[in-house]
Every structure is written in structure tokens, then in C-alpha cells.
Amino acid sequence: MPDAVVTRFAPSPTGFLHIGGARTALFNWLYARGQGGKMLLRIEDTDRERSTNAAINAILDGLSWLGLDWDGEAIYQFRRADRHREVAESLLASGHAYHCYATPQELEAMREKARAEGRAPRYDGRWRERSASEAPSGVRPVIRLKAPQEGETVLDDKVQGRVSFANKDLDDFILLRSDGTPTFMLAVVVDDHDMGVTQVIRGDDHLTNAARQMQIYQALGWTAPGMAHIPLIHGADGAKLSKRHGALGVDAYRGMGYLPAALRNYLVRLGWSHGDREFFSTQEMIEAFDLAHVGRSPARFDFVKLESMNGHYIRSSQDAELVAALEATLPFLPQGENAKLELDAASRAKLLAAMPGLKERAKTLIELLDGAAFLFAQRPLAVDAKAAAILDAGGRAHIAALLPRFAALSEWSAASTEAAVRDYAQETGIKLGQIAQPLRAALTGRTTSPGIFDVLDVLGREESLGRLQDQAG
Ligand code: GLU
């Protein structure tokens, strides 16, 4: 029986969880869940200068918000430094690695020479065959891998296919620095092995690293996990993803009012396809996801598509879920009026009642909140220019005429207010739309809103009559 699948997401906490990292995490998660396996989380915090707790927290929060859970406790790479050292020493003992005493000046001279000859800089192996007896005193050596010098290192990548690297181009790279700390190359191999990882899925910026890591696996006699290097995400214009294109932290997407399910759905289609299909529930995604259909060319990040997908998710969400999502998003919204909004039971109820009409017109939670602003507005309402023009162009007269009819209603509902307006329209021979617009202007201060009878219903008798009175004059 093949081993159970174990994947891992291994972010470096030197920055926040950006959108590319989120997609890598999603692919690892889907693959593991689809195969009945596990996804582990490893925080690669060996760069002590650049790793921060704030970044670790942002990564954990971002994953949780996206609904990507991991199995077991997160592993912190830095805490495993002793184990990394032990493996480097074992490679030394087995003759697969050696001490190198080259000074910084010597290394600089090597780089300089390579530059002058137009070659990629590489270590020349000068300590490969020398014995420790030649070591200069007082110099703490690094440990380098005695990498194969001929032939090629081959990677059977599940996305890239067969990729081969000429060994002459890969030098004897460092495993352990002179201060005893492991390099990224060594730490990743040892951790993946010790964590029982069977499948690595990560960005193709790690492809050359993968070749070097294969050499470490070979030197250790360990079985390497399967490899899948996924193309990076580019902007809609094809250029490398920058902030302008959406290379932002996941928290920024939260603040822009995207639903996690929509972002997940958008991300899964970024570089992976399943025929022409666009929409997947989480369960459908888990069942359909495979590495064979991850494309080899960079995916393009497209805000317009993300927005439209988000709009679809908003329209198909339950009203109560949207109220909860909105409330949970408030603290993440950019500072402004909305951020100060705090929902109480009454405003929550109003929002819920208005949601069927509101969610039809919003592509993001910010738009949803903006559309809901009329619910919480204080009298007398601020009226925007377009709405004011409608009121001025005869709108007030209709409102004044309708007021006593509304006031006389024994029951206040969308149906009863609609009946009153229809009666008035019929009696006066005016089109319904010509009455609906001034009502909308007076009740919401704007020219767009949910259906006007729903607005009357949600606002209730007292508030509706008050707002109409304010504008009837
Ligand atoms: N820590 C690396 C990064 O954030 C990933 C290493 C790996 O996946 O092997 O790019």
C-alpha cells in the first residue's frame, strides 16, 4: 500500500501571507485532503533577523481565515537547529561533505573571476580533497556538500515534467555555516524527511533549490518526496506580480471585502483547471483537485474576475451568513465611517431583513456595507446630488401626496405600501417608476437601493414617514 500522503506548507515569516503563498497553501491543503492525507505547517523562521512574530501571526490568521487548517502543531524550523547540525555532521562522517576553510576574501575572488569570465559564480571545490591537517588555525569552517561533479541531477516534477540539471553547474554548496547554523537547503531536506512529507508543492522559484536538495537526499540515502513546482502568479499584464497587481497580504483581501470561499475558489482556478468549470464548493474542489492539471505557464491575477466571483458568492450566500461575515470584517476595513459601525441587535435585524435586496447588487462586503448605509443613516438624511435633483424635479410633490396615504395604512409592509403607491399611480396616471425614484431619493438619499417597497418595509413605518416628511417640504 502506498504511504499516506503528507504535504506541507512552509512559509518564511519574513513578510505577511501573500496571495501566492495562500495559493501554495491551498494547493497543498486540497491535495492532502483529496488523498485522505495530512497537511503539515512548518514555519521557516531560521532567518532570525527578518522573521517576526507579527508575520507568524499574520500567516496563521490568514490561513485560518481562508479555512485552511493543518494537522498537528506547527513546526518551527529554528527549534530544530540541533537536528540539522547532527545531519550535517553525519554527512561529514560518511564522506559526503567536507569542511571548507575558504576565507571571505578567497570567496570574493572566486566570484570576481566568475564575473570576469561571464560565468555564474560557483565555489571551486578547493577544500574538497584537502585534509583537516591543512586547516588554517583560528578559522571556523563551514560544511559543504561533496556534490556530484559529473552527470546530471534529474527531477521528475509532477508539474514541470522531467527537469535535469548538469551537475557541473551546481557547486559544493554550504550545509552548515561557520557559526553552526544550517542553511535553508539543508533544513528543508531534514525537516521534510523527519516530518514524513511525501509530496512537496511549492512555487517554481524553488526549482533549482530542488536539484540541490535532491543531491542532499542522495547523499543521505533518503527517499526524496514527490516534487511539484507550480508556476508563480503574474499580474493581469503578464508582468511579475507587484503590489499594484494584487501581491498583497491575505489580510488586505479580507479588508477589501472578499469572502474566504470566493477567494479560495478564485485561487484554485489560478493555475489549475478542471475543464471549463469555474465554480467549486470546497468539497468539489477537494475531490477534483489534481497536480496533473496544474498549468506550466504563470497564472494571471485578475481583480475583475475575483470581484465578479465574489459577487457570485455574495449572491448565493445565506443572508445570516452575510451579516456575520460583514460583522467579522468590520475591524479589517480601512479606517472610515464604516469601521466605526458597531452592530447591535436592532441593526443586525435590519441588515438581515434588507439582505435579500442588498446582496443582489454587491460584489464585495464593502459594497454591501455601502449599500446598507441608508439603514443606519440619521435623519435628516444627507442626500446626494443625483437624488436631490430628482426631489427638486417634482419629486417632493409626489412624496407630499403619498404621505397621508401611507400614514393611513393600517398595516405596514412591502405589499401594503406597494398597493398604496399603485393606487396613487393609477389615479394620477403617473408611471410607477416616476414615483419610485423620488421615494428612493427621500428614503435612502441615493438613486440606487434595493427594491423601494422592501426599503419601506425594512425601515418601518415611523422612520419611513419621518424621512418622507423631511423631504416633502
Ligand atoms: N520557506 C520557503 C518560502 O517561503 C518555502 C520552502 C519550501 O517550500 O521548500 O519560499
Side-chain angles (χ1 to χ4, degrees), residues 5-32 37-60 62-63 66 68 70-71 74-81 83-84 87 153 155 157-160 163 165 173 175 181-217 220 222-233 240-241 247-250 267 271 291 294 298:
V5 164
V6 179
T7 66
R8 82 323 192 252
F9 177 51
S12 303
T14 52
F16 294 155
L17 177 63
H18 58 88
I19 203 72
R23 186 192 56 160
T24 300
L26 175 66
F27 281 15
N28 276 287
W29 185 82
L30 289 173
Y31 187 75
K38 291 183 172 169
M39 180 181 90
L40 309 180
L41 176 64
R42 181 170 74 233
I43 304 292
E44 304 212 313
D45 56 350
T46 44
D47 185 339
R48 303 313 286 168
E49 303 261 294
R50 291 172 61 225
S51 298
T52 66
N53 279 333
I56 292 175
N57 290 335
I59 290 168
L60 301 182
L63 290 175
L66 269 175
L68 305 180
W70 54 94
D71 293 285
I75 307 272
Y76 289 82
Q77 190 161 61
F78 178 67
R79 296 187 197 154
R80 295 182 33 82
R83 168 69 177 149
H84 302 144
V87 172
T153 297
L155 218 62
D157 194 276
K158 294 206 172 113
V159 172
Q160 309 286 336
V163 191
F165 296 82
F173 56 92
L175 300 170
T181 59
T183 56
F184 165 73
M185 218 62 80
L186 176 69
V188 167
V189 168
V190 175
D191 292 350
D192 282 343
H193 172 265
D194 289 2
M195 289 161 69
V197 171
T198 63
Q199 180 63 53
V200 167
I201 304 171
R202 63 187 171 193
D204 66 6
D205 49 337
H206 286 287
L207 201 56
T208 311
N209 290 342
R212 296 184 192 277
Q213 289 164 3
M214 288 310 255
Q215 295 183 337
I216 303 180
Y217 279 107
L220 286 162
W222 289 350
T223 307
M227 296 279 172
H229 287 88
I230 56 181
L232 299 184
I233 302 174
K240 204 167 169 270
L241 203 65
L248 305 166
V250 161
L267 287 177
L291 293 171
V294 174

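Worth knowing before you read on, the calculation uses all heavy atoms, side chains too, and leaves out hydrogens, waters and symmetry mates. We count ligands from 1, going down the list as the structure has it; atoms in each ligand are counted the same way.
Atoms of ligand 1 found under 4.0 Å from any heavy atom of F184, numbered from 1 in the order shown, are 6 (C). Annotation for ligand 1: atoms under 4.0 Å from non-hydrogen atoms of V188 are 9 (O).
A salt bridge does not link D205 to R202: none of the charged nitrogens lies less than 4.0 Å from a carboxylate oxygen. Taking a cutoff of 4.0 Å between a charged side-chain nitrogen and a carboxylate oxygen, R42 and D192 qualify as a salt bridge. Salt-bridge check for R83 with D191: failed, with every basic side-chain N at 4.0 Å or more from each acidic carboxylate O.
Ring geometry for H193 against W222 counts as parallel: the plane angle stays under 30°, on a 0 to 90° scale with 60° as the upper cut.
From the protein, the heavy atom lying nearest to atom 8 (O) of ligand 1 is R8 NH1, 2.7 Å. Scanning all protein heavy atoms for the shortest distance to atom 6 (C) of ligand 1 gives E44 OE1, 3.3 Å. For atom 5 (C) of ligand 1, the nearest non-hydrogen atom of the protein is A10 O, 3.3 Å. Among protein heavy atoms, atom 10 (O) of ligand 1 sits closest to H206 NE2, 2.9 Å.
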### Message
Set out, in order, the CA-CA distance, both residues' side-chain angles and the distance that settles side chain to side chain donor-acceptor pair (under 3.5 Å) for Q215 and T153, then state yes or no.
### Response
CA-CA 7 Å; Q215 295 183 337; T153 297; 3.2 Å; yes
